[in-house]
Structure formats: C-alpha cells, structure tokens
Amino acid sequence: MTLKTLIGAASVLAMTTGFAFADAHSEGKMDAKKALMDAKAAIEKAMAALGGGTMMGGASYEFPDLDGDQVTVVSWGGAYTKSQVEAYHKPFISGTGAKVVSEDYNGGLAEIKAQVEAGNVTWDIVDVELSDAVRACDEGLAEEIDMSALPDGADGTSAADDFIAGTLDVPCAVPTIVWSTIFAYDKDKMKNGPKTIADFFDTKGFPGKRGLRKSPKANLEMALMADGVAADEVYDVLSTDEGVDRAFAKLDSIKDDVVWWEAGAQPPQLLADGEVAITTAYNGRIFNAVAAEDKPFEIVWDGQVWDLDLWIIPKGAKNKDAAMEFLKFSTSTQALADQASWISYGPTRKSSAPLVASYNSKPDLKMGPQMPTAPQNFKNALQNDFEFWADNQDELNERFNAWLAN
Amino acid sequence: MTESVTERPFVHFDGVQKSYDGETLVVKNLNLEIAPGEFVTMLGPSGSGKTTCLMMLAGFEAATHGEIYLKGQPINNVPPHKRNIGMVFQNYALFPHMTVAENLAFPLQVRRMRRRDVKDKVARALGMVQMDDFGNRKPAQLSGGQQQRVALARALVFEPELVLMDEPLGALDKQLREHMQYEIKHIHEQLGVTVVYVTHDQSEALTMSDRIAVFDDGVIQQLAPPADLYERPDNAFVAQFIGENNRLPGKVTAIENGVARVALDQGPDVLALAVNCGEVGNRTVLSIRPERVQVNNVTGSNRLDGHVRELIYLGDHIRCRMQVCGRDDFIVKVPNSPEHAMLREGETCTVGWETDDCRALDLAPGAM
Amino acid sequence: MTDATATHGPDGLLLASDGTPLKTKLRQSMKASRRRAFGLVLPLLLFVLASFVIPIIMLLWTGVSNDTYASNMPRSAPLLRAWDGASQPTEEMAEAMVLDLIDARKAKTIGKVASRVNREQSGTRSLYTKSARRAAKMEAPFIDALVKADKDWADPETWRATKIAATSLTPAYYAAALDYKYTADGEFVEQSEERQIHVKLFWKTIWVSGAVMLFCLLLGYPVAYLLSHLPAKKANLLMILVLLPFWTSLLVRTTAWIAMLQSQGVLNDIFVWIGITGDEQRFSLIYNLTGTLIAMTHILLPFMILPIYSVMRAIPPSHVRAAKSLGATNWTAFWRVYFPATIPGIGAGGLLVFILSIGYYITPALVGGQDGQLISNFIAYHMQKSLNWSLAAALGGILLAIVLVLYWLYDRIVGIDNMKLG
Ligand SMILES: Nc1ncnc2c1ncn2[C@@H]1O[C@H](COP(=O)(O)OP(=O)(O)OP(=O)(O)O)[C@@H](O)[C@H]1O
Ligand SMILES: [Mg+2]
C-alpha cells in the first residue's frame with residue numbers, strides 16, 4: 001500500500017463521509033492512479049470556491065501566552081521567507097509574546113539528521129518539501145503531530161475537512177502551500193508565446209534558448225507530457241525503461257539549446273537578461289518578478305508539476321510546545337490566506353481561499369488567479385510523485401548527469 | 001701612480017651625475033680615470049654613492065648626466081650583459097639552485113663556449129681560489145669565506161678585463177677578511193685585471209689599492225695612492241676619515257712660501273703647511289697625526305704645553321690623551337722605546353711638531 | 001686513542017672521544033632535541049589528529065561499511081548473508097523478514113532500511129515501506145504472504161539486492177564510485193552505459209582543475225612579478241585588488257560574472273561594438289566550460305599570486321644583476337636564474353589552486369551549465385540530498401587518493417621541500 005493510495009483514499013472519504021482519517025489498511029485495494037485523480041478533483045473543487053461568497057470570520061485560533069519562549073523557524077529564505085515572516089512570525093510574536101528566530105537553509109534533511117543524531121536539536125520547526133517530510137517521518141527524524149489539535153477553519157469546518165483532501169496524511173507534517181514548477185516567457189520579446197507544454201520543446205516554432213533546472217525532477221515529467229503522455233499516466237510511463245528512454249529522447253531534442261539553472265532565483269534573471277527565451281521556474285519567483293519588479297513575464301500553466309511545502313518539527317526539538325503553537329497558528333485559515341497575499345503559492349486550506357485578497361502592495365492585483373491551484377491554471381497539472389522519486393532518484397540522477405556530461 | 005694615467009684611460013667617468021628621485025644628486029660631477037691593470041678603491045662613508053658609481057659602470061643604473069667610457073668607447077647605451085665586466089656582489093649573489101661548478105659554468109655557457117672548455121676553465125678557476133673539492137656543493141652548503149671565493153672565481157672565470165667588487169668582504173670576520181684581502185690582491189697581480197673595489201674599511205683600502213678615491217656626499221674628496229692619502233690629505237674630511245688626526249682650530253695670519261702662520265684660538269701662533277686654508281684672515285683647522293707629535297725633546301719649530309690626562313698601554317706604543325690649547329682630545333702616540341721617558345697622568349710636558357707634519361686645512365666638516 | 005679528537009675504529013667508522021661510533025653519538029645527541037621538538041608540536045598533533053586524521057579514517061571506513069540494514073533488521077540479515085543468492089528464498093528467511101519489517105516499522109527505522117536497499121535496486125523503497133505497513137497482518141506461510149503483498153518479493157533480484165545491503169562491510173560503494181556494480185555473487189560488473197558517470201567526472205574534475213591551475217599560473221605570474229617589483233605602498237594597494245574576489249560574497253560574484261559574461265552581457269556588448277563579432281554570433285562565455293574556467297580562475301587567482309609573490313619578494317635583485325653581469329641576456333637571466341628561484345612559489349600556488357579547485361562545486365554549478373558538474377557536486381549531493389553517505393565517502397576516498405598520488409608525483413618531480421607558501 002503506497003502513500004499515494006493513502007492520500008487518494010483519504011480524499012475520497014473526506015468528500016463522501018466527512019471523515020478525513022480512515023484506517024489505511026481497509027482501503028488498501030484502492031488503485032493509486034484513481035486516488036491521484038480524486039485528490040486532484042478535490043483540489044479543483046476547493047479552488048473553484050476561490051473568490052466565492054463571504055465567510056463568517058471568527059478566529060478559530062486563540063494565542064496562548066508564550067512570553068519568554070522562543071521558536072527557531074527554518075525556511076528557504078528570500079521572498080518566500082519574507083511572506084512567512086509577514087503572515088506568520090509577526091502576528092505570532094505580537095499575539096503570544098514569544099521570540100521567533102528565523103533561519104534559512106537550502107532544503108534536504110542532512111542538517112536535521114545531523115542534529116537529531118547528535119541529540120542537539122536547535123531547529124524547532126522546518127519548512128520541507130513533501131518528499132523530505134515523508135522521509136523524515138519514515139526515518140524517525142520528525143515528531144508526530146496530533147492533527148486533531150489543529151484549529152478549525154474560519155468557517156467552522158474541522159481541520160480534517162478544511163485541508164485540501166489528502167494533504168494531511170503524513171503523520172509528522174502539516175502542509176502550508178502548494179507550489180508549482182511552470183514555464184514562463186517574456187511577452188515583450190515573444191508576441192505569440194507558447195501555450196502548451198509541447199510548445200516548450202518546439203524550438204522551431206518558438207526559437208530561442210530554454211532554461212531548465214539542472215535536475216531530472218520535473219524535467220522528465222514535462223518531457224513526457226510534451227511528448228503526448230497524459231498527466232495521470234506520466235509516472236506509469238516513467239516507471240518503465242522505455243518511458244525513461246522516451247523522456248530523455250525528448251530532452252535530447254532541445255539539449256543544445258538549454259541553459260541549465262540551479263537556484264530558484266536564476267530563471268527570472270535569465271529571462272530578464274534575454275539569456276533564454278523560455279524557462280521553467282517556480283511559479284512564485286516569476287510572479288514576484290511580475291508583481292514586484294513589473295517584468296513582462298507570462299506564465300504558462302499547461303503541464304505544471306505541483307508539490308507541497310510542509311512544516312515538520314524535528315524529533316527532540318528543544319521548544320517543541322512553542323513550535324506546535326507556531327505550527328497551529330501559521331496553518332490557521334487567516335495566516336495561510338495572509339501569506340498568499342505576499343507570494344503566489346496556494347494555501348492548503350479550503351477556507352483560506354475566499355480570504356485571499358490582493359497582492360500586498362497592489363490592490364488591483366488579485367491573488368486568486370495567480371495560484372497554481374486556480375481552476376483555469378489547474379487543467380493539465382501533475383502532482384510531483386515523491387514516492388516515485390524516492391524509489392528512482394539515485395538511478396535517474398546518475399543517468400541524468402551522465403546524459404548531461406555526454 | 002697618478003702619472004701612469006697619461007696613456008689612454010681604461011675607465012673614464014666624465015662629468016657623471018646621478019639622481020634617483022630628480023631632487024637630490026647622489027653623485028655630483030664625478031670625474032675619474034682608471035688605468036689598465038690598476039686597483040682602484042672607492043672609499044667613503046655609508047650613503048656616499050659608491051655603489052651607485054659601481055652600478056653605473058656595470059650598467060644597472062643609467063647616468064643622469066655625463067658619459068662613462070670603457071677603453072675609450074662610451075658605454076651609456078651598452079646593456080650590462082654586453083659590457084664584459086665581472087662583478088662580485090656584497091652578498092655574493094651565488095645562484096642557490098646551481099652547484100658551485102654550475103655557477104662558474106654559467107657565464108661560459110651563456111657565451112656558448114664548448115662543453116670541454118667550460119669544464120677546464122671551471123676547474124682552473126676553482127683551483128685558483130683553492131676550492132677544487134667543492135664543485136658539486138650547493139652555495140648554501142658553503143661557509144661565508146668559501147662562498148666569497150666562489151663569487152670571486154665566478155667573476156673572473158670568463159676573463160673579463162674589468163672586475164667590480166662591492167664590499168666583497170663585508171660579511172667576513174676580521175681574520176678571514178685579512179686573508180681574503182691578500183688573496184684578492186694576489187690574484188689581481190697574477191691576472192693583471194683592472195679592479196674597481198668598494199669598501200668603507202680604510203685599512204682594507206690602504207693595504208690593497210694602487211689608488212683610493214675617497215667619496216663623500218657624492219663627490220670624490222681626494223684621489224691618491226694610499227701613502228699620499230695618509231700623509232698628505234687634501235682636506236679636513238680626508239684627514240679625518242683616513243687614520244687619526246688631532247685638530248686645532250685657528251686663524252691664518254700670514255702665508256709665506258706655502259707655509260702659513262696660524263693663530264690658535266687658545267694658544268700661541270704656530271706654523272703649518274698651507275694646504276687648503278685659503279687666504280690670510282680665513283679660519284682654518286690644523287691637522288697633526290698623533291704619531292708625529294714630539295713629546296718633551298721637541299725638535300720641531302712649534303712648541304706647546306700639554307697636560308697628560310690619560311694613558312693607555314698598547315704594547316708597542318702608549319696612547320696618551322692630553323689637554324693642549326684648551327682641548328681635551330689631543331692624542332699622542334709615544335713609541336714604547338728606551339729613548340722615550342715614561343709619562344705620568346697629571347704631569348705637564350712640552351709637545352711640538354715639525355712644520356711639515358702640520359697641515360692647515362679647510363674648516364668643514366666634522367665636529368668642531 | 002685517549003685524546004679528544006675523533007679517530008677511526010676497526011671497521012673504519014669514525015669514533016668519538018669516548019670510543020663510541022660518531023654516528024651513534026650524533027643520534028644520541030639528536031634524540032634530546034627531537035624529544036623537545038615533539039613536545040612543542042604535541043598539542044597541534046593532537047588537534048590535527050582529532051580534527052583531521054580521525055575524520056579521514058572515519059570517512060574511509062564509512063566508504064566500505066554500512067550497517068543500516070544489519071543493525072535494523074537483525075533477524076533477516078545473517079540469514080541473507082548465509083544465503084547463496086541462487087536458490088529459492090526459504091520460508092525461514094521470509095519469516096525473519098516479516099518480523100524485522102514489523103519491528104522496523106515500530107522503531108521508525110523502516111525508511112532508512114528501505115533507502116539502503118533501494119540503492120541496490122531502484123523501486124525497492126516503496127516495496128519495503130508498503131510491506132512493512134502490511135507485515136503486522138501477515139500469516140504463515142510468509143513467503144506467500146509477502147508475494148501477496150507485492151509480487152516483487154517473488155523476484156529473486158529483490159532478495160539478492162537485500163543480500164548485498166545486509167552485508168555491512170562491502171566494496172559496493174567503491175565499486176559504485178568507479179561505475180561498477182557489486183553483485184550478490186561477489187562479482188564486479190560494469191554499470192550500464194547510460195549510468196556511467198563517476199569515472200568521467202573524476203577525469204573531468206582533474207582536467208578542469210589542471211586547466212584552472214594553468215590559467216592561474218599564466219595570469220598570476222606576471223601580476224606577482226609586477227607586485228614584487230613595485231614599491232611596497234603601491235604593491236599593497238594592488239594586492240587589495242587581487243584579494244577583492246575573496247571579500248565579495250558568492251552571490252555578488254556570481255551575479256557579476258553573469259552580467260559580464262552572458263551573451264547580452266558587458267563583454268559581448270563590447271565585442272559587438274568593436275566589431276570582433278556580429279550581433280547574431282555572440283560568444284557563449286557562461287553556462288559552459290568557458291564560464292567554469294573563467295569563474296574558477298578568477299576566484300582562485302589570489303591563491304596562485306600570494307605564494308609566488310612572497311617568494312619573488314625574497315629573491316635578491318642582485319641575482320638577476322649577477323646573471324646579467326656574467327653575460328646573460330634579459331631572457332636568459334630570467335629563465336635560468338629568476339624563474340628557478342620562483343619554482344617553490346609556483347609549486348605551492350599550483351598545488352593550492354589544484355586542490356582547492358578539486359573541491360569547488362558551487363561556483364561551477366552556477367556558471368558552468370551542463371559542463372559545471374564536477375565530482376564534488378556529487379559528493380555534496382550524496383551528503384546533503386540523497387544522504388548516501390557511504391557513496392559520498394567512497395567518492396571522497398578516491399578523490400583523496402588522487403590528490404595523494406598527485407602530491408607524490410609533485411614530490412618526485414619538484415620535491416616537496418621545494419615549496420614555499422610565504
Ligand atoms: N634605488 C635607489 N633609489 C633611490 N635612492 C637610492 C637608491 N639606491 C641608493 N640610493 C641613495 O643614494 C645614495 C647613495 O647610495 P649608495 O648605495 O651608492 O651608497 P654607498 O656609498 O654604496 O653606501 P654603503 O656603504 O652603505 O653601501 C644614498 O643616499 C641612497 O639612499
Ligand atoms: Mg653600497
């Protein structure tokens with residue numbers, strides 16, 4: 001029974017019976033592919049409500065008095081951390097009186113593993129990708145979290161119902177945002193820009209260099225989608241040797257035109273400098289360039305590969321209780337909605353969607369349509385399958401690098 | 001030997017000036033002629049421009065003004081490696097990564113000499129400085145004196161007609177230095193090369209040189225054979241710089257047949273050779289060598305009273321500090337021989353000298 | 001024989017005044033001073049031991065040993081090790097496996113175990129985590145129960161992969177680091193072609209490091225020469241310019257390189273403006289090997305200049321003058337006298353730059369495009385992302401061996417005592 005199935009099962013149950021948690025074993029026969037589609041359907045439904053009717057306010061989270069306590073919050077830095085500081089840290093500090101220390105890191109579990117194994121855990125709560133969250137949980141690097149302690153949604157729905165179906169199923173992690181790998185181009189330089197993922201690989205129809213992340217992740221999936229594989233079949237195809245060959249063959253067709261990027265800050269810069277005509281990127285980065293720097297970039301959502309970011313509390317964290325309070329507050333309806341006004345990563349609570357307003361400094365710029373999960377953006381979207389990557393990343397990474405070096 | 005320069009000079013500095021910074025002249029109007037085979041020493045205090053002159057001759061510094069001739073040819077525009085001048089540096093400048101033999105072979109190799117000839121010449125040069133067994137050592141494995149010999153051999157091995165040496169013995173102890181002085185002199189006589197030698201050790205200059213050029217402040221104060229320099233200094237600087245001398249200030253009252261009558265500031269009138277005292281009425285300084293002062297049985301024409309202040313026994317002679325004419329630093333060397341009565345401290349005696357031994361010189365420089 | 005001068009003994013050895021051979025005597029007298037010297041370096045020795053030698057030994061050890069499986073799956077590990085790898089897996093093995101899976105799930109170590117086996121065969125990670133979730137409900141016969149949970153358990157390859165993982169002391173990582181696969185039969189077979197990457201990267205790393213070293217030398221030597229022949233005040237000012245890249249952060253530096261080198265960048269604009277190249281054929285100076293070489297040469301240049309500079313400073317000017325006075329032309333004087341004297345600096349700088357560039361990976365990754373992948377990227381990747389520390393250690397061990405070999409070659413060719421860092 002895979003975790004994918006778990007997510008699917010939970011989402012179906014959430015919609016039909018209203019119970020988020022079911023004994024995973026009882027639904028073990030559920031087909032993984034179907035589960036995924038269901039999860040997607042659930043999200044689509046939730047997102048359709050974006051901008052919908054007004055909800056009753058009513059803060060569902062009460063600040064305790066944490067004067068003298070301290071939480072060390074670790075995240076990815078840059079505009080993303082800034083959005084968290086504005087939406088999470090500042091209200092939390094003024095509400096509880098606790099001290100919040102913000103640290104940056106570059107992802108991965110290496111540091112958490114080192115801290116836990118040394119028995120000196122200085123990080124209290126860490127923003128991780130889904131694959132790392134699952135892994136941390138499997139390897140006992142993260143505290144288990146009592147999901148029933150999470151506050152109700154602003155509209156009164158229980159947390160279990162409120163979070164996008166299936167996203168709450170890693171027992172050690174609570175999701176905050178949905179982010180996505182998309183591709184984008186410069187409207188000013190390309191009047192008739194690309195529309196589909198296939199266009200990205202069409203260097204005849206859309207001439208110019210391509211920016212791609214120097215990693216097999218998302219690239220192989222996009223290559224297959226561009227080659228005509230339906231989003232919900234991508235990982236099935238990629239699980240076969242022929243599928244991998246097919247993906248690499250597709251990448252091969254543009255290899256000579258690729259500029260490889262490494263850090264999330266690079267793609268907007270590459271676009272702005274005219275070094276590439278089209279590039280893949282994290283959607284928040286492109287949005288930031290458009291909203292904050294007025295860059296004429298256009299995001300193409302077709303073939304996007306989306307993923308979650310989650311909070312985990314490292315095993316044995318020194319300020320575990322305060323960290324739990326921070327976690328509860330920051331994943332409450334209002335905090336998630338507030339964060340979405342700073343950066344275009346979608347909130348994981350359904351009840352947050354209606355509260356998402358405009359970009360903080362531009363009242364005209366509605367955030368709803370900027371989210372990866374907005375219905376019009378979500379038509380041909382693929383969720384990153386962390387389990388596939390957990391199984392295959394060593395091998396595919398080697399192959400990718402060997403392919404690069406040739 | 002000054003006369004020998006009548007034939008064509010081997011080296012000729014003609015009105016050479018040098019300034020490093022465009023503000024001060026380090027060498028001021030240098031005129032110097034050196035005959036072939038001569039051993040000329042440049043002697044002078046530190047910073048007087050000796051090395052600078054040598055460097056101009058070797059081609060490492062350009063003369064700011066004037067011309068230097070080598071065998072009658074102007075060499076200002078000849079690069080150093082074409083001048084064929086051997087040079088021994090103060091710190092030897094042996095190439096540390098080459099063995100002694102390789103160091104010696106270097107000038108021959110750059111002259112594209114055949115390998116067998118190189119070997120012969122190197123062996124001969126090593127023999128000349130008695131270093132036959134050291135050919136395979138690196139310079140760092142040699143003592144200071146041995147390195148010195150190698151440097152000397154290297155400067156001579158390509159048979160230059162002119163060899164420059166800049167304080168080559170400065171780093172050696174006294175005994176070794178004296179030994180090397182003898183060896184260098186010996187080799188000079190044997191090979192007949194012209195040597196320009198720089199030192200600020202006057203005894204070294206006196207023992208080795210045919211002629212000595214005393215430098216001060218970028219000017220040659222006197223150019224003369226060693227004996228002349230000592231016996232007949234041209235000016236107060238030379239008299240002071242070479243050997244010891246007693247100095248008595250006074251005023252010229254008359255000059256007759258090259259003999260000046262000088263009224264001492266605190267004493268009687270005395271007679272002295274009018275060497276460099278200018279006209280009547282000028283102030284002057286009398287210079288008398290300590291060993292030329294007569295005590296008690298004075299035969300010379302000048303007599304003065306002296307009070308013995310201090311006696312130092314030095315074996316062959318006794319050094320006596322007296323008060324003469326109100327000055328406390330009048331030195332007399334009394335030979336330790338039966339004819340000379342023993343002096344005692346506190347005693348008063350008569351001192352005097354021959355007119356020929358007393359030279360009336362210019363005022364400058366020195367402490368008066 | 002009683003006088004105090006040294007004399008010859010019966011076997012021709014020199015004897016000291018008390019009759020002991022001079023060599024023995026010398027050794028005795030050296031012993032005391034050696035003991036004192038040892039006392040003086042002892043604190044440093046302990047420090048180096050703790051902070052350097054022991055970690056390196058641990059690194060080498062990690063490269064050949066990994067007991068993740070053996071320590072977390074104690075029942076099945078010995079059975080698997082004893083298994084011949086060819087026959088059908090026994091019921092005993094299956095039962096041990098199921099019991100281990102249950103325990104590992106409880107102890108939350110199943111993730112580690114699954115990752116470990118997955119390295120031997122892709123896809124086994126999910127097999128293990130899934131089976132562990134179901135193991136509690138399994139009943140005998142366990143073989144069938146496992147196969148029922150996932151048909152991959154019927155595949156002997158799964159068990160063979162597990163057998164490799166169950167062996168703690170294994171050459172598998174070093175084999176993998178050299179693009180070989182260590183099989184359950186104890187054989188080494190070449191990794192499939194499209195996955196062979198490490199050897200290629202080792203060569204490329206050495207090649208790039210060598211090129212960077214050469215460029216640093218070509219650019220740095222004249223600069224060091226200039227600096228050492230300037231008055232101290234001007235030299236210090238210029239030295240600050242040389243050191244400037246040290247004092248800028250990686251991000252600023254990288255941004256600057258991009259601004260300078262990219263196809264719409266300053267350098268290319270100048271080229272187009274001068275007419276060296278057309279607007280359509282701008283040079284690719286970044287995101288390729290050229291970019292890697294330029295950036296690494298830039299950042300490592302000071303490490304070349306500093307030792308050469310300090311060596312040049314110490315060369316008395318009289319050496320070159322002596323050479324010229326002996327008849328050498330400017331070039332001969334430089335080549336035969338000045339240059340040999342700077343070799344210790346070149347050696348130190350070259351070794352420094354080479355070893356540092358072997359370890360550089362962030363800069364090449366940022367500006368090197370697809371050519372920017374060097375072996376250190378992989379070590380960092382396995383340290384930080386895949387957490388495959390044993391493979392990282394094996395790669396590191398090989399890199400260490402390469403550096404030692406180069407060091408040895410250097411010692412043979414130039415001589416290690418012929419190296420001056422300042
Ligand atoms: N390269 C130089 N740049 C500027 N000034 C210099 C240079 N070399 C020498 N001088 C100055 O020129 C003057 C003469 O120097 P020189 O080296 O000729 O003296 P010297 O007679 O050899 O002294 P010493 O006996 O100490 O070696 C000194 O005042 C010295 O400071
Ligand atoms: Mg000098």
Side-chain angles (χ1 to χ4, degrees), chain A residues 1-6 24-25 28 106-111 113 132 134-142 144 172 209 211 214 239 244-245 248 255 258-263 265-266 269-270 273-276 315 387-388 390-406, chain C residues 107-112 114-115 118-119 121-127 129-131 133-134 136-137 149 176 179 191-198 200-201 204 251 254-255 258-259 262-265 286-287 362 365-366 368-373 377-378 381-389 391:
Chain A
M1 161 127 209
T2 67
L3 208 115
K4 203 178 341 184
T5 332
L6 264 175
H25 300 273
N106 280 320
L109 291 177
E111 283 139 305
K113 183 173 170 169
D132 284 333
V134 173
R135 194 149 172 196
C137 216
D138 276 350
E139 302 197 4
L141 297 174
E144 252 183 63
C172 313
K209 295 258 184 201
K214 202 196 287 173
S239 299
V244 174
D245 290 345
F248 275 105
K255 188 180 179 189
V258 173
V259 172
W260 299 98
W261 56 266
E262 194 99 354
Q266 280 177 289
Q269 197 59 48
L270 289 172
D273 293 342
E275 287 295 303
V276 296
K315 191 117 197 156
E387 190 157 87
F388 172 83
D391 272 349
N392 296 292
Q393 68 177 353
D394 289 338
E395 182 176 343
L396 290 178
N397 209 53
E398 273 168 21
R399 177 150 177 189
F400 180 77
N401 282 296
W403 173 78
L404 264 191
N406 278 327
Chain C
K108 289 202 159 293
T109 54
I110 186 65
K112 278 192 241 177
S115 298
N118 194 60
R119 259 167 226 142
Q121 187 169 339
S122 291
T124 40
R125 190 180 199 280
S126 53
L127 172 71
T129 45
K130 183 165 73 175
S131 308
R133 254 177 257 133
R134 296 190 183 179
K137 290 195 173 169
D179 289 339
Q191 185 70 270
S192 66
E193 183 111 29
E194 72 267 6
R195 285 181 64 186
Q196 290 184 12
I197 179 70
H198 296 130
K200 218 178 284 171
L201 284 183
K204 188 164 163 192
L251 228 59
T254 312
T255 318
I258 292 172
Q262 62 187 358
S263 63
Q264 304 296 326
I286 198 166
Y287 307 125
I362 299 175
L366 287 175
Q370 69 186 58
D371 290 310
Q373 207 81 316
N377 293 76
F378 263 67
Y381 169 79
H382 287 300
M383 283 303 293
Q384 292 164 4
K385 292 278 154 62
S386 79
L387 303 188
N388 189 355
W389 289 2
L391 181 55

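Residue numbers begin at 1 in each chain, while the letters A, B, ... track the order of the sequences. Source: prediction; values computed, not measured.
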Asker: Most heavy-atom pairs under 4.5 angstrom with chain C, which of A:A405, A:G140, A:A402, A:G108?
Answerer: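 Of A:A405, A:G140, A:A402, A:G108, A:A402 has the most heavy-atom pairs under 4.5 Å with chain C.
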Asker: With a 4.5 angstrom heavy-atom cut-off, is it the side chain or the backbone of C:Q196 that approaches chain A, or both, or neither?
Answerer: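 For C:Q196, the backbone is the part near chain A, not the side chain.
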Asker: Under the side-chain contact (heavy atoms from CB on, under 4.5 Å) test against C:E194, which residue among A:E398, A:E395, A:R399 passes?
Answerer: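 So the option named by the test is A:R399.
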Asker: Side chain, backbone, both or neither: which part of A:L141 has an atom under 4.5 Å from a heavy atom of chain C?
Answerer: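 Looking at A:L141, nothing touches chain C.
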Asker: Looking at NZ of A:K214 and CG of C:L366, how far apart are the two atoms once the value is rounded to the nearest 0.5 Å?
Answerer: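 Between atom NZ of A:K214 and atom CG of C:L366 there are 8.0 Å.
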Asker: Heavy-atom distances under 4.5 Å only: say whether A:E262 touches chain C with side chain, backbone, both or neither.
Answerer: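 When you check distances to chain C, only side chain atoms of A:E262 fall under 4.5 Å.
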Asker: Tell me the closest heavy-atom pair linking C:N118 and A:N392, and the distance in Å.
Answerer: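 Closest approach of C:N118 to A:N392: ND2-N, 4.4 Å.
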Asker: Less than 4.5 Å to any heavy atom of chain C: does that hold for the side chain of A:E111, its backbone, both, or neither?
Answerer: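 Neither; nothing under 4.5 Å.
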Asker: Heavy-atom distance under 4.5 Å to chain C: side chain of A:K209, backbone, both or neither?
Answerer: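 For A:K209, there is no contact with chain C at all, as no heavy atom is under 4.5 Å.
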Asker: Counting only heavy atoms closer than 4.5 Å, note whether C:K112 contacts chain A via side chain, backbone, both or neither.
Answerer: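 Interface part for C:K112: both.
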Asker: Checking A:D132 against chain C: side chain, backbone, both or neither under 4.5 Å from a heavy atom?
Answerer: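 Interface part for A:D132: neither.
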Asker: What is the distance from atom CG of C:L391 to atom CG of A:D394, rounded to the nearest 0.5 Å?
Answerer: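 Going from CG on C:L391 over to CG on A:D394, the span is 8.5 Å.
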Asker: For a side chain to side chain donor-acceptor pair (under 3.5 Å) check, start with the C-alpha distance between A:N401 and C:Q373, then their side-chain angles and the critical distance, and finish with the verdict.
Answerer: CA-CA 8 Å; A:N401 282 296; C:Q373 207 81 316; 2.5 Å; yes
Asker: Quick check: does any side chain N or O of A:E275 sit under 3.5 Å from a backbone N or O of C:S263, one acting as donor and the other as acceptor?
Answerer: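 It does hold such a pair.
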Asker: What's the verdict on side-chain contact (heavy atoms from CB on, under 4.5 Å) for A:E139 and C:T109, showing C-alpha distance, side-chain angles and the deciding distance?
Answerer: CA-CA 5 Å; A:E139 302 197 4; C:T109 54; over 6 Å; no
Asker: I'd like to verify something: which residue of C:H382, C:R195, C:K108 has the highest number of heavy-atom pairs under 4.5 Å with chain A?
Answerer: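 Answer, by heavy-atom pair count under 4.5 Å with chain A: C:R195.
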Asker: Does any backbone or side-chain atom of C:S115 lie under 4.5 Å from a heavy atom of chain A? Answer side chain, backbone, both or neither.
Answerer: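 For C:S115, the side chain is the part near chain A, not the backbone.
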Asker: Look at atom CG of A:D273 and say whether more than 12 heavy atoms of other residues, nucleotides or ligands are closer to it than 6.0 Å.
Answerer: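 Buried by this count: over 12 neighbours within 6.0 Å.
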Asker: Against chain A, label C:Q191 side chain, backbone, both or neither, depending on which of its atoms sit under 4.5 Å from a heavy atom there.
Answerer: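 The side chain, not the backbone.
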Asker: Can a salt bridge be assigned to the pair A:D138 and C:R125 using a cut-off of 4.0 Å between side-chain N and carboxylate O?
Answerer: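 Yes, this pair counts.
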Asker: Could you give me the CA-CA distance, side-chain angles and deciding distance for C:S126 and A:D391, then say whether side chain to side chain donor-acceptor pair (under 3.5 Å) is met?
Answerer: CA-CA 6 Å; C:S126 53; A:D391 272 349; 2.3 Å; yes
